[in-house]
Structure formats: structure tokens, C-alpha cells
2 protein chains.
Amino acid sequence: MTSITSVTRAPRLSDEVARQLTAAIRSGEFAPGARLPSEKELAERFEVSRMVVREAMSRLKSDELIDTRQGLGAFVAAEPGRGLFRLEPDPAIAKDLHDIFQLRVAVEGAAAGLAAVRANRRELAMMRACLREMKVSVAGREDDIEADNRFHATIAQASRNPYFDRFLTFLGANLHGAIAKARSNTAARHPRSVLAVQAEHEAVFAAIERRDAPAAEAAMRSHLSAAMERLGLGPFTGARL
Amino acid sequence: MTSITSVTRAPRLSDEVARQLTAAIRSGEFAPGARLPSEKELAERFEVSRMVVREAMSRLKSDELIDTRQGLGAFVAAEPGRGLFRLEPDPAIAKDLHDIFQLRVAVEGAAAGLAAVRANRRELAMMRACLREMKVSVAGREDDIEADNRFHATIAQASRNPYFDRFLTFLGANLHGAIAKARSNTAARHPRSVLAVQAEHEAVFAAIERRDAPAAEAAMRSHLSAAMERLGLGPFTGARL
DNA sequence: GCTGACCGGTTATCATACAAGTGGGAAAGC
DNA sequence: GCTTTCCCACTTGTATGATAACCGGTCAGC
């Protein structure tokens, strides 16, 4: 047995039905406001039980692609996909990774600017603690991703805008896996870049601490843009603040 | 019959079950990786049929909150909610509206900066056309929301980053309803503010046309921040670029 | 012309049954 | 005692059929 690989598990029927219906709606085959065929009819067309169709519809409902009313039928939502922002599970393509990271740079930069205005003593103390912790690690020639993430998360919270916080957490969760992979490819970080990261972090914090919003935003963008380059994603190429 | 109001339609059972399960997972009652009770057990606990539970689970699956495997059970995802960013259907609260709009300011500002670098001739022509169209409307003392939206959408596309584009479309869809309501409250726009809007748009376009990214970003932020104030949402309070 | 009961079709829910996958433990073999 | 095999309980996936609630239109009755 030489070329064994993971077997392809049979996909669930409801997944497949949901996929096809979603595609049909997104492609405009069913226009907004149009009525979908009845569950019975769809069940016959897909050659599955009505339950499978119902489960698929249930998912479309939670994605706000359709709207159902008892006795009437299922209708394509006026704005299909509103209220929902999705990212593909694992952005393997470097271009996508670059684009998502770019979005993060913009948002987290603005978050740092807000944090400079709004951060309270507790949050400043937290950032300071993270910096200290990372500094210790730098001395030991390794990086402390844990403290790094905490530092960024604290800034997001200090923006006092829960939507910034939530969106950055969301982007982070989607980037972390890909970043870890990219990092393992480019071998371990050089001690030099560890030092650079530390300096960048300190620049961000210094600006926040002295309540200098533009400087904080610029420092954060500069830091993240440098991080992009370290990961081999190319520069930010946005506005140089 | 004085105080008649729209009746509260009985919520679907599967909605309610999905809501409670989602809350339980988000609150950490079921930790990541933990196994949920079986469908049978949940059905008994909620006093509904197994079908209802299955439909609810189906939605949690599509939200990537849980993962099910035949014969084993349902498990909370390692990172619940990763890959999905949701906004509440109708952010009625002014604070939320302000926060979401603030996020838009940050992202669309950056998009304008990117557009200044990357916009091609076709996109510049499109922006110019929108400006002309709005100018005509200004002369007639009314605003052209259609052309306004198209102008902003073109800038988002010109950023050449599909994630900026998609995210701004997403935010726009969620804000439009609330904005329309806020606008009807503050009566019709004054002719003065219509003129101001036109001037702001032209400033944004001028910066993009001369490939001045920082100026484009600043102009867009200034424009959107002014829009926030016109809607009674307060200023942006971010970094002044 | 208007009202109101009725009807066919649709979704929502329930109950039950069977198929298929999983893991553990009983039972058999050594 | 140890290993291997097989069986069984449990779980999710799918199918079927039935009932309730709901909706829009129809049509008899007035």
C-alpha cells in the first residue's frame, strides 16, 4: 500500500442541495423576491426526501438568502447575503492572503488611532505588560506569539468600538492558520526581525500612550506592512501616512 | 381599538432552538471540541421533535459553529464562528449605527487610498460620470442617491482588492436601511448640505485622479465623517490624517 | 356587491422506521 | 493472559407518512 490517502467521505445530501440552491440564487437564476419551487417539488427534482430539502433551506434561511412563510412558500431575500460576511475557509492563494491582510492593516490601523484617543489606564497597563513579556522573549532569541496576539487584541478592545474588535478577531482567526504555515516555510524568524518587531510594537505603544492618534495609526500600519513583507506577501502599497 | 399593533407571529421552533444552542456555545457552556448531547436527548430537553433539532443543528453547521459526524455525534468547532462575520439585522441603536459607520469610514478611506494608486481609466471615467450626474441633481436642488452609491462602489472596486469591495458592499447593505430612516427623521437634506456633499465628492475624486493616495484617504474620511455628523451620529473622532 | 365558508396548496411539526457509521466490550481463539 | 474478531448499543443521515397551521383564491348564499 504505497499511495494511500484519506478517503473521500460521502458528502451529506443536505450539503449538496444547499450548495446547489445557493449557487442558483447567487447566479440570479432565482431573482430576489422570486418564489422558489415548493419543498415537495424540490425534493422530487433532487431525488431526495423532503427533509433533506428542508435542512438545506434552513441553512439558506440562516444565511438570509431566503425567507419562508408558512402557507406561502420560500422567497429569495431582497438582498441575498446581506447581514453576512464570509471568508473562504483557508485562503491558500497568496493573492487572497495578501488582500485579506491588507484589509486588516487598514482596520487595525484605524483601531490603533482610536485606541490612542480612548484607551484607559487598565488597557495601557495591559499593553505595557505584553511588551515587557515580549522583550524577555527577545532576549532569549525567540518570539512570543501569545503575547503578540494579546497586544494586538488589547489595542482592538481599546478602540472602544466592538465592531472593530469583533472584525479584527474574525480576520485574525482566518489569518492565523495561513500565517503559521507561511512562517514555517520561511524557516524561523531571524533574530534581527524579532528585534524589529519589538521596536515596531514599542513605536505603536509610545504613540498610543502620548495620545497621538495619527502617529499611532501610522505606526500600526507600518508595523503590519512590515509584517506582510516578512511573510513574503509584498508591501501594503496603500497611503503612506 | 386604540393600541392595535402588528401581532407577534409565533417564532419557528427551529429558530428558537438554534438561538439557544448558539448562545450556549458562544457563552462557552459547550467548550470547543466538546461533544453536544445527542439529537434525541436535545429533542427531549427542548420538548420538540428530532427534526426541529436537526434543522437547528444544520444551521449551526453552516455557521461553522459545530461539526457533526455520523455515528459519533456533534462537536463544537475548534474556533466557533471563524469564517463568518455577522451583523445584527437592523442596528436600531444609534451607538451601534455610529460604530458600524466608523468601521466603514476606516475601510472606505483605505479603499480610496488604494484606488488612487490603482484606478484605471475606465474607473476614473465612471467616477467622473457619477459626479456629473450628481451635479445636475444638485442644480435641481435634490440629491441623487443612486449616483452617490455608484460613485462609492466604483471607488471600492478601483481598490482592486475584492475583500475591500465585498466588505464595503456588505456594510453598505446593512447601513442603507438605517441611514434612510435617520434621513427621513432629520427632514430633507438642506440645499447647503447637498452642495457640501458635492464639494466633498469632488475633493475625493481630485485626489484619486492625481494619484495622491494620502490625500484621497483623508478626503474620503473627511467626507464620510461629515456624512456621519449630517446623520446625527457624531463625528468620527479617529486619527486626523 | 359583499360576506364568509370552503378548498387546494404550502410550510411547520411530529412520529416512526431504517440505513450507515463508530466505538467499546463481549466472546472466541491462541 | 493476551490478542483478535465480532456483535451490539448508540449516533447521525435519510426516508415516509401524517397532522396542524396558514395563505390565497373561489364560489355559494344573501
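Chain letters run A, B, ... following the sequence lines, proteins first and then strands; every chain starts at 1.
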Problem set entry | side-chain contact (heavy atoms from CB on, under 4.5 Å) partners for A:Asp165, two or more places apart | A:Ala156, A:Gln157, A:Thr169
Shorter than 3.5 Å, N or O on both sides, protein versus nucleotides 5-8 of chain D: list them out with atom names.
none

Exercise. Considering residues at least two apart in sequence or located in another chain, which fulfil the ring pair (Phe, Tyr, Trp, His ring centres under 6.0 Å) criterion with A:His201?
Worked result: A:Phe151, A:His152, A:His223
Problem set entry | Residues which pass side-chain contact (heavy atoms from CB on, under 4.5 Å) with A:Thr68, listed by chain and number, not counting sequence neighbours | A:Lys61, A:Ile66, A:Ala74, B:Arg12
Problem set entry | Under 4.0 angstrom between B:Thr68 side-chain N/O and D:dG13 OP1 or OP2 | yes
Exercise. What residues form a side-chain hydrogen bond (donor to acceptor under 3.5 Å, both in side chains) with B:Arg54, not counting sequence neighbours?
Worked result: A:Glu55, B:Glu39
Seminar exercise, completed: Across all chains, not counting sequence neighbours, the side-chain hydrogen bond (donor to acceptor under 3.5 Å, both in side chains) partners of A:Asn149 are none
Problem set entry | Listed partners of B:Glu229 passing salt bridge (Lys or Arg N to Asp or Glu O under 4.0 Å), at least two apart | none
Exercise. So, is B:Arg69 near the phosphate of D:dT11, with a side-chain N or O under 4.0 Å from OP1 or OP2?
Worked result: no
Please write out each protein N/O paired with an N/O of nucleotides 3-9 of chain C under 3.5 Å, distance rounded to 0.1 Å.
unit_1, atom_1, unit_2, atom_2, d
C:dG9, N2, A:Gly71, O, 3.3

Exercise. On a plain distance test, is the side chain of B:Arg50 in donor-acceptor contact with the base of D:dG13 below 3.5 Å?
Worked result: yes
Seminar exercise, completed: Atom CZ of A:Phe46 and atom P of D:dA15 are separated, to the nearest Å, by 13 Å
Problem set entry | Residue list, side-chain hydrogen bond (donor to acceptor under 3.5 Å, both in side chains) with A:Glu16, at least two apart or on another chain | A:Arg19, A:Gln20
Exercise. Got a sec? Which of residues 52-59 of chain A come in under 4.0 Å of DNA chain D, heavy atoms?
Worked result: A:Val52
Exercise. With sequence neighbours left out, what residues match B:Arg45 under salt bridge (Lys or Arg N to Asp or Glu O under 4.0 Å)?
Worked result: B:Glu41
Problem set entry | ring pair (Phe, Tyr, Trp, His ring centres under 6.0 Å) partners for A:Phe101, two or more places apart | none
Problem set entry | Cation over ring face, A:Arg166 and B:Phe85, 6.0 Å, 45° | yes
